[in-house]
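Data block below; observations after.
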Amino acid sequence: MSTKNKENKDIEIEEKASEVENPETAAEASENQESAEAETEAEAKESSEAKDEEKTAEAPKEPSLEEQIEELKKQALYKQAEFENFRKRTLKEKADLILAGGEKTITAILPVLDDFERAIADQSDDPAAIKEGMKLIFQKFQKTLESLGVKKIETDGVDFNVDYHEAIAQVPGMGKEKVGKVIDCVQTGYTLNDKVIRFAKVAVGQ
């Protein structure tokens with residue numbers, strides 16, 4: 001064996017002997033390693049718990065049953081108040097519409113009323129002139145009604161129609177061509193915007 005190899009072997013024997021002679025140093029090193037591992041594990045656990053707490057804090061809190069019921073009550077009261085306001089507003093608009101329609105009608109008829117006043121104030125004794133004046137006022141009144149949507153229901157020679165006519169008499173012996181036809185109009189009927197407001201009272205051929 002060479003001198004160098006002998007020296008290396010002697011150093012290894014001395015190190016092993018040192019470890020055997022100082023067991024406290026080896027135990028201390030082992031304890032330090034275990035303590036470091038425990039600290040690392042504790043830090044990891046604390047970090048995980050901190051993350052869980054952050055997630056819990058970020059998550060929205062679920063409202064309780066009482067809070068949900070209270071919120072639904074508030075919504076119901078709001079909807080009820082909103083509907084009541086809508087109902088009142090609708091009634092007011094309807095009333096305003098009726099008043100506006102009545103005002104429009106009266107305003108349109110007033111000129112005809114003026115013509116009647118002038119005709120009454122006229123001192124003419126000419127029957128033909130008086131009749132012509134009344135005819136002109138009548139025609140003007142008809143045009144005024146038509147401008148308001150009022151139209152006369154036709155009855156001359158038309159077929160009897162229950163949607164527009166009311167039969168108050170039946171006239172027999174008028175011939176086959178007159179059966180079911182309007183023979184005479186006792187009272188004129190009218191429509192307002194295509195809706196019957198008064199049926200025409202007529203006599204029908206039988």
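Among all heavy-atom pairs drawn from C185 and V202, the shortest one is CA-CG1, 4.1 Å. Taking each heavy atom of T155 and A200 in turn, the nearest pair found is CG2-CB, 3.9 Å. Here the closest heavy-atom approach between residue P111 and residue T107 is recorded as CD-O, 3.3 Å. Closest approach of V204 and A167 over heavy atoms only: CG2-CB, 3.8 Å. T144 approaches I109 most closely through the heavy-atom pair CG2-N, 4.3 Å.
Here the OG1 atom belonging to T90 is positioned 8.5 Å from the CZ atom belonging to F83, to the nearest 0.5 angstrom. Summarising the geometry, atom CG belonging to D96 is positioned 11.0 Å from atom CG belonging to L91; distances are rounded to the nearest 0.5 Å. Note: N193 CG to K151 NZ = 9.0 Å, rounded to the nearest 0.5 Å. Distance CG/L192 to NZ/K195: 8.0 Å, rounded to 0.5 Å.
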- Test side chain to side chain contact (heavy atoms under 4.5 Å, CB included) applied to K79 and E82, step by step: CA-CA 5 Å; K79 293 296 182 183; E82 189 178 42; 3.9 Å; yes
- Evaluation steps, side chain to side chain contact (heavy atoms under 4.5 Å, CB included), between M134 and F116: CA-CA 8 Å; M134 292 296 295; F116 275 118; 3.9 Å; yes
- Task: Kindly determine whether L77 and Q80 satisfy side chain to side chain contact (heavy atoms under 4.5 Å, CB included), including the steps that lead there.
- Result: CA-CA 5 Å; L77 289 174; Q80 185 178 0; 4.2 Å; yes
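Every pair passing salt bridge (charged side-chain N to carboxylate O under 4.0 Å, His left out) that includes a residue from residues 174-192 is listed here, sequence neighbours excluded: D159-K181.
Residue I168 shares its hydrophobic cluster (ILVMFWY side chains chained together at separations under 4.5 Å) with V186.
Environment of CG in D163: crowded, with over 12 heavy atoms of neighbouring residues, nucleotides or ligands closer than 6.0 Å. Counting heavy atoms of neighbouring residues, nucleotides and ligands inside a 6.0 Å radius, atom CG of D125 does not exceed 12 of them. In the displayed structure, E103 atom CD is contacted under 6.0 Å by at most 12 heavy atoms of other residues, nucleotides or ligands. Within a 6.0 Å radius of OH in Y190, more than 12 heavy atoms belonging to other residues, nucleotides or ligands are found. Heavy atoms from other residues, nucleotides or ligands lying under 6.0 Å from CG of N85 number more than 12.
Side chain of H165 to main chain of A203: no donor-acceptor pair is present (N/O by atom type, distance under 3.5 Å, no hydrogens or angles).
Side-chain contact between L136 and Q139: present, with at least one pair of heavy atoms (C-beta onward) separated by less than 4.5 Å. With a 4.5 Å cut-off on side-chain heavy atoms, F141 and E146 do not count as touching. Contact annotation: the side chain of K92 never approaches that of R89 to less than 4.5 Å [non-hydrogen atoms, C-beta and beyond]. The shortest distance between side-chain heavy atoms of Q187 and R198 falls below 4.5 Å. When side chains are defined from C-beta on, T188 does not count as touching I153, because their heavy atoms never get closer than 4.5 Å.
Take R118 and apply the side-chain hydrogen bond (donor to acceptor under 3.5 Å, both in side chains) test, not counting sequence neighbours, and it matches D115.
Salt bridge annotation for E84-R87: present, with a cationic side-chain nitrogen under 4.0 angstrom from a carboxylate oxygen.
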